[in-house]
Amino acid sequence: LSQALMATVVVAAQEEQSKDTATTTTTQQDNMIRQVCQQVSVLGDVTYGACCIDDLGAQALGADLLVHYGHSCLVPLQHTAIPCLYVFVEIQMDVEHMVNSLVATLQADDNKNNDHSPKISNLTLYLLGTIQFRHCFGHAQQLLRDQGYENVIIPQVKPLSPGEVLGCTSPKLNHHQNNNQQQEESENSTTRTCCLFVADGRFHLESTLISNPDIDVYY
């Protein structure tokens, strides 16, 4: 990797990663220059919602390697104009607190509906969100199952990570159920489907809402 970086490197960072990203990217740039690179440039023209990798822009600058931070549609590396490296940003969060809050909300909703509310066994729950929070879905799924929620699904639209949503590739959630689950839902009128969406913006959630109008509740 050091030999590959002994040239010009372009870093593409997204504005969505918050103000701290600018400082982080600058620090990373300085470190890369000192350690292995002759020159590092930071692209500023694809900073808002830039899921599409700007390999052509980097190539026009004479770069030898493009480092893409944040979410991406994951264009295969063999199809990009120059060698690329994807770096996924992670935002740490209290997963246990999130799950407890969701369970408390579900129980409160059940109490409002009285006898008309479905049992836990009849609830199908989807876990979705943006790339920054993909690392928490597996842990959240296990915590929910430990509390009796058996039908917890983390959908995946390849090549994206499990649970990850891009606005242009929102999954059809009912396609991720097995045949037995779909049959049970069609036979049981009390079955409910919910979605827990973890993100720091509205665009990807709104896309999921449009793609799945049959989901009963979003949290």
Side-chain angles (χ1 to χ4, degrees), residues 1-18 21-22 24-33 35-91 126-138 153-176 197-212:
L1 179 60
S2 296
Q3 292 179 352
L5 289 173
M6 286 295 294
T8 300
V9 176
V10 172
V11 178
Q14 299 179 34
E15 188 177 9
E16 289 182 353
Q17 306 306 327
S18 78
T21 300
T24 302
T25 303
T26 302
T27 303
Q28 291 168 341
Q29 175 181 347
D30 293 341
N31 290 336
M32 292 173 69
I33 291 175
Q35 294 176 13
V36 293
C37 298
Q38 295 179 2
Q39 178 183 347
V40 176
S41 301
V42 178
L43 290 177
D45 56 346
V46 293
T47 55
Y48 187 77
C51 65
C52 296
I53 191 166
D54 193 15
D55 54 331
L56 296 179
Q59 184 185 47
L61 293 175
D64 300 287
L65 174 68
L66 172 63
V67 182
H68 183 95
Y69 285 89
H71 68 257
S72 174
C73 51
L74 296 181
V75 176
L77 298 180
Q78 63 268 27
H79 293 164
T80 54
I82 64 173
C84 299
L85 176 65
Y86 293 109
V87 179
F88 297 139
V89 178
E90 291 187 355
I91 297 179
Y126 297 97
L127 302 181
L128 290 171
T130 50
I131 187 65
Q132 299 96 319
F133 304 99
R134 70 183 177 92
H135 59 283
C136 73
F137 295 140
I153 302 173
I154 305 176
Q156 180 178 17
V157 177
K158 294 182 178 181
L160 303 182
S161 302
E164 179 189 356
V165 172
L166 284 180
C168 55
T169 58
S170 297
K172 291 287 186 180
L173 297 180
N174 57 1
H175 292 173
H176 295 268
F197 200 95
V198 187
D200 57 0
R202 295 178 55 184
F203 171 69
H204 304 286
L205 170 60
E206 290 173 348
S207 176
T208 306
L209 285 165
I210 294 172
S211 299
N212 299 276

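- One N or O on the side chain of Asp55 and one on the backbone of Ala81 form a donor-acceptor pair closer than 3.5 Å.
- Side-chain contact check for Tyr86 versus Val75: some heavy-atom pair is nearer than 4.5 Å.
- For the pair Leu85 and His68, the minimum side-chain heavy-atom distance is 4.5 Å or more.
- The structure places CZ of Phe88 at 5.0 Å from OG of Ser161, a figure rounded to the nearest 0.5 Å.
- Glu90 CD to Ile131 CD1: the interatomic distance, rounded to the nearest 0.5 Å, is 8.0 Å.
- If you take CG on Asp200 and CD on Gln132, they are separated by 4.5 Å, rounding to the nearest 0.5 Å.
- Here CD1 of Ile91 is found 7.0 Å from OG1 of Thr130. Values are rounded to the nearest 0.5 Å.
- Counting heavy atoms from C-beta on, the side chains of Gln156 and Glu164 never come closer than 4.5 Å.
- Here the CG atom belonging to Leu43 is positioned 6.5 Å from the CG atom belonging to Leu66, to the nearest 0.5 angstrom.
- Here the CG-OH distance, from Leu173 to Tyr126, works out to 5.5 Å after rounding to the nearest 0.5 Å.
- Taking the side chain as every heavy atom from C-beta outward, Leu128 and Thr208 approach each other to under 4.5 Å.
- Formation of a donor-acceptor pair under 3.5 Å by the Lys172 side chain with backbone atoms of Ser211 is found in this model.
- Shortest non-hydrogen contact noted between Pro171 and Asn212 is O-ND2, 2.8 Å.
- A 4.5 Å side-chain heavy-atom check between Ser170 and Leu209 finds every atom pair outside the cut-off.
- Annotation: side chain of Val165 is in contact with side chain of Phe197 (closest heavy-atom distance under 4.5 Å).
- Side-chain contact between Leu160 and Leu74: present, with at least one pair of heavy atoms (C-beta onward) separated by less than 4.5 Å.
- Using a 4.5 Å heavy-atom cutoff, the side chains of Cys84 and Ile53 are in contact.
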